[in-house]
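Take a look at the structure below.
Every chain is numbered from 1 and lettered A, B, ... according to where its sequence line falls, protein lines coming before strand lines. Keep in mind the model is a prediction, meaning the values are calculated, not measured.
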There are 2 protein chains.
Amino acid sequence: MPDNQQKEQPRRRQARGERRVAQLLEAAATVFVTTGYTAASTNAIAREAGVSPGTLYQFFPNKEAIAIELGDRLMHEMRETYGEALAPIDPATPLEQAVGAAVDRFIAFNCDHPVFFALMHGPDVPGRIAEEHDVLHATLLGRIEGLLGSFLPDAPAADLTRTAQVCFGMYKAGLELVLAHEGAERDAYTREIKNVLIRYLEPLVGDRLGRTAGGSSSIHTP
Amino acid sequence: MPDNQQKEQPRRRQARGERRVAQLLEAAATVFVTTGYTAASTNAIAREAGVSPGTLYQFFPNKEAIAIELGDRLMHEMRETYGEALAPIDPATPLEQAVGAAVDRFIAFNCDHPVFFALMHGPDVPGRIAEEHDVLHATLLGRIEGLLGSFLPDAPAADLTRTAQVCFGMYKAGLELVLAHEGAERDAYTREIKNVLIRYLEPLVGDRLGRTAGGSSSIHTP
DNA sequence: CCAGAATGCGAGCGACCGCTCGTGTTTGTC
DNA sequence: GACAAACACGAGCGGTCGCTCGCATTCTGG
């Protein structure tokens, strides 16, 4: 295919158009969080935005593209948040602070953008979003795994992977609980999910200052 | 309404019919686990069962009824399993054994009936199934709460509820991880979810033999 | 000021889905 | 064997959904 220079030229857009796009994405976000992706109808999104179905398709080629654009914008903002949240691996940091800071940031992000949770954990998201989700998932798992590895340099890789997966799974479950509550209860649940993670990890990394990993630890289990 | 003796007489059924019902439910289970409830089409279920759409509607009034019947049968079998799993609250039992036994039973049940997970945790299940799910959810939470209460008689009710909710949430997340793996990995993840729960609960109930609940515990947090 | 692009509209197309109905076949009963 | 009830079929009805298309309106560059 010789003449495929650009899949499509991005079609010059006026200020009004940009406003419509933002308005449509916002409407899509509220519809997605209330009904989920599959059940959300494009007509409903257009109605929520106060425009006609035709107008919606002036800016998005199809329903999936709406979710993708929304996902991309969230992912972009997410990367800024989680870049600082897990990047600086300082082995001197106490476990409690490391876990606490990471959990706080991720929880805050998800509270600010509830549609992120809906798009990432919905069972019915389109392929492209699922891809992004998988990439993010893998990236985060890799970071956690690296962090654990720096605490436990001589643990088998399979155990590290599993422990990271457990941590992430517990965090996700905790996030769901946190999002289901508000105010003081929300804070209390945030506290609890930190406790879960800290107490789960403490026996593994708590004695990294010289002693060998102890018997009841699940890593190095006989 | 004076003459509403029975909402519907259960229509005398032949052996062939019973077989068809079982066959249809089995087909529905496989379709539900692979596509989820909403995306599953009745035509697809009929096709999976090797019958025509009309035949399906000979035995079920609508799509929801299929899921409900499936859910009822699972719930019935579930009650037998979980009745023994959480009923005998023996405060002398070590925490490790109590948690381990309960987790093992629930995990085994869900591995045997993967459609149970799909029906209970799908975001798009019909109202009646969601009701059953809520009832089961509340029942299990109540049991866990009661069990915790027997260990911590002087803890505030709100804290007990929250701790029970966290335990259940962590178990559900762990179940997802367990179902996503097989063989030895599956067993390893089962071990990990037990570790998570035990380590989370140990500081709360570990000193129930006389000493008061200690400072770092999340229950009784200042 | 005007040509053309960008924006906006909404009826409606095609596809699919849950479900029905008329018809034909099998099964139990006498 | 006769008769009714239960079972089985599959074309198709009504409805929704994603999306299109023809046309009107608004903006922008020359």
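For the pair A:Glu18 CD and C:dA6 P, the interatomic distance rounds to 13 Å; values are reported in whole Å. Straight-line distance from the CD atom of A:Gln14 to the C1' atom of D:dT28: 7 Å, rounded to whole Å. If you measure from atom CD1 of A:Ile45 to atom P of D:dC19, you get 10 Å, rounded to the nearest angstrom. Between the P atom of C:dG8 and the CG atom of A:Leu56 lies a distance of 11 Å, rounded to the nearest Å. Here D:dC9 presents its P atom at 10 Å from CG of B:Leu24, a figure rounded to the nearest Å. B:Arg19 has its CZ atom 13 Å from the C1' atom of D:dA8, to the nearest Å. Distance OH (B:Tyr37) to P (C:dG18): 8 Å, rounded to an integer number of Å. C:dG8 atom P lies 18 Å from atom CZ of A:Arg47, rounded to whole Å.
Across all strands shown, B:Ala15 has no heavy atoms under 4.0 Å from either base or sugar-phosphate atoms. When heavy atoms are screened at a 4.0 angstrom cut-off, A:Gly54 is found touching base atoms of the nucleic acid. Within 4.0 Å of A:Ala46, counting heavy atoms only, lies no atom of the nucleic acid at all. Residue contacts for A:Asn43: at a heavy-atom cut-off of 4.0 Å it reaches a base atom on one of the strands shown.
At the phosphate of C:dG8, OP1 or OP2 sits under 4.0 Å from a side-chain N or O atom of A:Arg20. In this model, the phosphate group of D:dC19 is approached by a side-chain N or O of A:Tyr57 to a distance below 4.0 Å at OP1 or OP2. In this structure, A:Thr55 reaches the C:dC9 phosphate: one of its side-chain N or O atoms is under 4.0 Å from OP1 or OP2. Listed pair B:Ser52 / D:dA8 fails the phosphate criterion, with no side-chain N or O lying under 4.0 Å from OP1 or OP2.
With salt bridges taken as basic N to acidic carboxylate O contacts below 4.0 Å, none links A:Glu64 and A:Arg128. With salt bridges taken as basic N to acidic carboxylate O contacts below 4.0 Å, none links A:Arg73 and A:Glu77.
Ring geometry for B:Phe168 versus B:Tyr171: interplanar angle under 30°, hence parallel rather than tilted (30 to 60°).
A:Asn110 places a side-chain N or O within 3.5 Å of a backbone atom of A:Phe106 that can act as its donor or acceptor partner.
Candidate nucleotides C:dC9, D:dA8, D:dG18 were compared by shortest atom distance to the side chain of A:Lys63, and D:dG18 ranks first. With C:dG8, C:dT26, D:dC27 as the candidates, the nucleotide lying closest to the side chain of B:Arg16 is C:dT26. Considering only the side chain of A:Gln58, C:dT7 comes nearest among C:dT7, C:dC9, C:dC19.
Figure legend: A:Lys63 and A:Tyr57 shown without cation-pi pairing, the cationic atom not lying both under 6.0 angstrom from the six-membered ring centre and within 45 degrees of its axis.
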